[in-house]
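The sequence lines fix the lettering, A, B, ..., with proteins before strands; numbering per chain opens at 1. Side-chain atoms are counted along with the backbone in the values below, which use heavy atoms only and exclude waters and symmetry mates.
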Amino acid sequence: MPINFPLPESLRKAGWKVKIREKETLEPPHITILHGTKAWRIKLRTGEFMDKQPDPDDVPEEITAFIPKQSNWRSFQEKWDEKYPMNPVQDKDADEAE
Amino acid sequence: MTVKTKPPIAARLVFLLDKAKKRPAEFSLLGPQVVSSIAGLRDSVAMATKDTLWVSYEKDLTAALLKMVCGPPRSLGMAVFVHALSLQSVAGLASCFKRFAFASDHGFLPPDELAEALEAKNAADLFIGGSVDLSSETITLWRGCLTPLTVPFSAFEKSGDGTEPDFARFSVTDFGQTVRLGHYEAAADAILYEFDPDYRRRISRARQQSERSFGASLRRLRKQRGLRREDFEPEIAGKTIARIEQGIVQQVHKKTLAAIARRLRVTPEEIGSY
C-alpha cells in the first residue's frame, strides 16, 4: 500500500496529498507532495526541496509546517525505510558520497 | 522517443463525442463543443483542422466518424477514444489522426482529471490512461501528448513492505502522476525515468553539475536496481565501485565499465544518462 500521510481536512479537500509510493525514483529518499498535475519532492535526509520547478513557494505553508514536525518526520523516514530497505534514509554510502 | 512541446490544447478546437449529460461540465476546462448526433458529427468534421482535439466516449459516434472520413487520408488532429476499439478501426483511424490514444472506459483518468492532464504544460510527463496486456506481460501507457510508452511487468517490483502489483486492477490516478495496480502505486516520473531516455536526459540536465558526474549517475542507477556495492563482486570489488562513485577513479577501464553495465542491465553508454 502507498503511504498516504494524513493532512488537515481543508488541505485534503483542496486536493493536496503527501505520499510515498511503491515505485519511486529511488535516489535520494524523499516524500512527494501532489496537487493536480504538479508534484514536489522533499529529501528525507535533509528536508530540502529536490527540484526548483514547480516553485516550492506554491506549496501551502500549512504543509511545509506539517512536514518537519519531529514525529511526522521520523514517521516519513521509517515508512521510506520499510518500502526501500536497500536504500535507507540513514545510508552509509550516502554519507560517503554526499 | 522525442516529446515536442505544443501549444495549450485549450486554445484548440475540442470536440467531445458524448451523450452523457454530466460529463461536458467536467471537461469545461477544455471548452469543448459537445457532439451527440450524426448531424453534429458531420459539422464537426467539416470544421476540424490538424490541431483539433477529439475526445470520444461513444463507440457508435466513433464508428460513424470513421465511416464519414474514409477515403483519401486527411488530418483531423488528435484524439482520445475512451472506449475499446477493434483492430480494424485502429488501422482506419490511423489514416486520419496524427496521434490517438485508446483504452476501455476504466483505462483512463476520470473526466475532470483527464481534461486537466491534457491541458497541462507537463502533459507529456503525465499518464492519462493505458491498458494491460496479460499475454505479453506489458502495460501500454498513454502520455498526455498522446504518445504511448510500453513497459514490462518486471518494472513493477515488489515493495520492501511486501506490496505487490495486481495487474488485473490497473488504473491511473493523481491527475496522471501515479499508475495504480491494486494496492500498488508507481510514480509516473519513476517509470519515465527508467524507460524514456529523452525524459531521463532532460531531468539529468536540470540537476546540479556535481550530481551529474559519472559516479553520481552510477550510484543513482545502482540504487534504482536495488544493488549494494558488494553485489558487483567477484568481478569488481565493492571498494572499486565506491571509488568510482566518489569520483576518486576518473578513468574507468573498458572491461570494468562493461562488467558494471552488464550487472546493471544497461549499455556502458547509458550509465551516464541516469
Side-chain angles (χ1 to χ4, degrees), chain A residues 1-5 12 14-46 48-55 58 75 77-89 91-98, chain B residues 113 116-117 119-123 125-126 144 155-165 173-194 200 203 206-207 210-211 215-216 219-229 231 241-242 245-247 274:
Chain A
M1 294 275 280
I3 310 299
N4 281 288
F5 293 94
R12 273 206 320 273
W16 290 91
K17 297 175 185 176
V18 178
K19 283 187 177 186
I20 296 174
R21 290 163 290 188
E22 275 67 41
K23 180 182 176 70
E24 299 267 11
T25 304
L26 285 190
E27 182 56 18
H30 61 276
I31 52 166
T32 307
I33 301 168
L34 296 153
H35 187 249
T37 56
K38 292 181 180 173
W40 295 260
R41 299 181 301 165
I42 295 181
K43 292 181 191 176
L44 281 167
R45 289 187 182 126
T46 62
E48 299 166 306
F49 278 89
M50 275 173 71
D51 314 294
K52 288 180 182 165
Q53 291 297 327
D55 190 343
D58 292 344
S75 158
Q77 292 176 324
E78 285 169 5
K79 297 291 184 189
W80 176 275
D81 287 355
E82 280 173 27
K83 286 219 173 287
Y84 300 108
M86 294 300 288
N87 187 32
V89 176
D91 186 357
K92 182 171 69 70
D93 289 359
D95 293 341
E96 290 166 8
E98 288 177 3
Chain B
E113 294 191 21
E116 196 160 331
E119 197 267 347
K121 280 182 187 167
N122 60 334
D125 300 340
L126 303 169
F156 306 95
E157 290 170 342
K158 187 163 101 175
S159 167
D161 63 3
T163 309
E164 291 188 74
T173 185
D174 295 336
F175 292 80
Q177 301 198 71
T178 301
V179 172
R180 188 180 282 161
L181 299 161
H183 292 307
Y184 186 103
E185 289 194 357
D189 64 333
I191 297 170
L192 289 166
Y193 193 80
E194 192 169 346
R200 198 161 56 233
I203 295 299
R207 289 198 176 114
S210 60
E211 292 177 339
R219 184 167 182 279
R220 277 192 290 272
L221 179 54
R222 175 173 64 80
K223 291 286 182 183
Q224 195 73 39
R225 296 283 190 258
L227 296 173
R228 298 167 305 157
R229 287 169 175 163
D231 291 331
I241 298 293
E245 289 183 356
Q246 290 159 23
Y274 277 81

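- No other option in B:E185, B:E113, B:H183 has as many heavy-atom pairs under 4.5 Å with chain A as B:E185.
- Interface check for chain B: of the options A:M86, A:K83, A:E24, the most heavy-atom pairs under 4.5 Å are formed by A:K83.
- Taking A:E78 as the reference, A:R74 meet the side chain to side chain contact (heavy atoms under 4.5 Å, CB included) condition, with sequence neighbours excluded.
- The salt bridge (Lys or Arg N to Asp or Glu O under 4.0 Å) test applied to A:D58 returns no partner, not counting sequence neighbours.
- With a 4.5 Å cut-off on non-hydrogen atoms, A:P85 touches chain B through its side chain but not through its backbone.
- Classification of the B:Y193-B:Y274 ring pair by plane angle, with boundaries at 30° and 60°, yields perpendicular.
- Only the side chain of A:K17 comes within contact range of chain B, judged by heavy atoms closer than 4.5 Å.
- Taking the charged nitrogens against the carboxylate oxygens, B:D174 and A:K19 do have a contact shorter than 4.0 Å, which makes a salt bridge.
- For B:E194, the part lying under 4.5 angstrom from a heavy atom of chain A is the side chain only.
- A salt bridge links B:R222 to B:E245: one of the charged nitrogens lies within less than 4.0 Å of a carboxylate oxygen.
- Considering only heavy-atom pairs separated by less than 4.5 Å from chain B, the leading option among A:K79, A:K23, A:M1 is A:K23.
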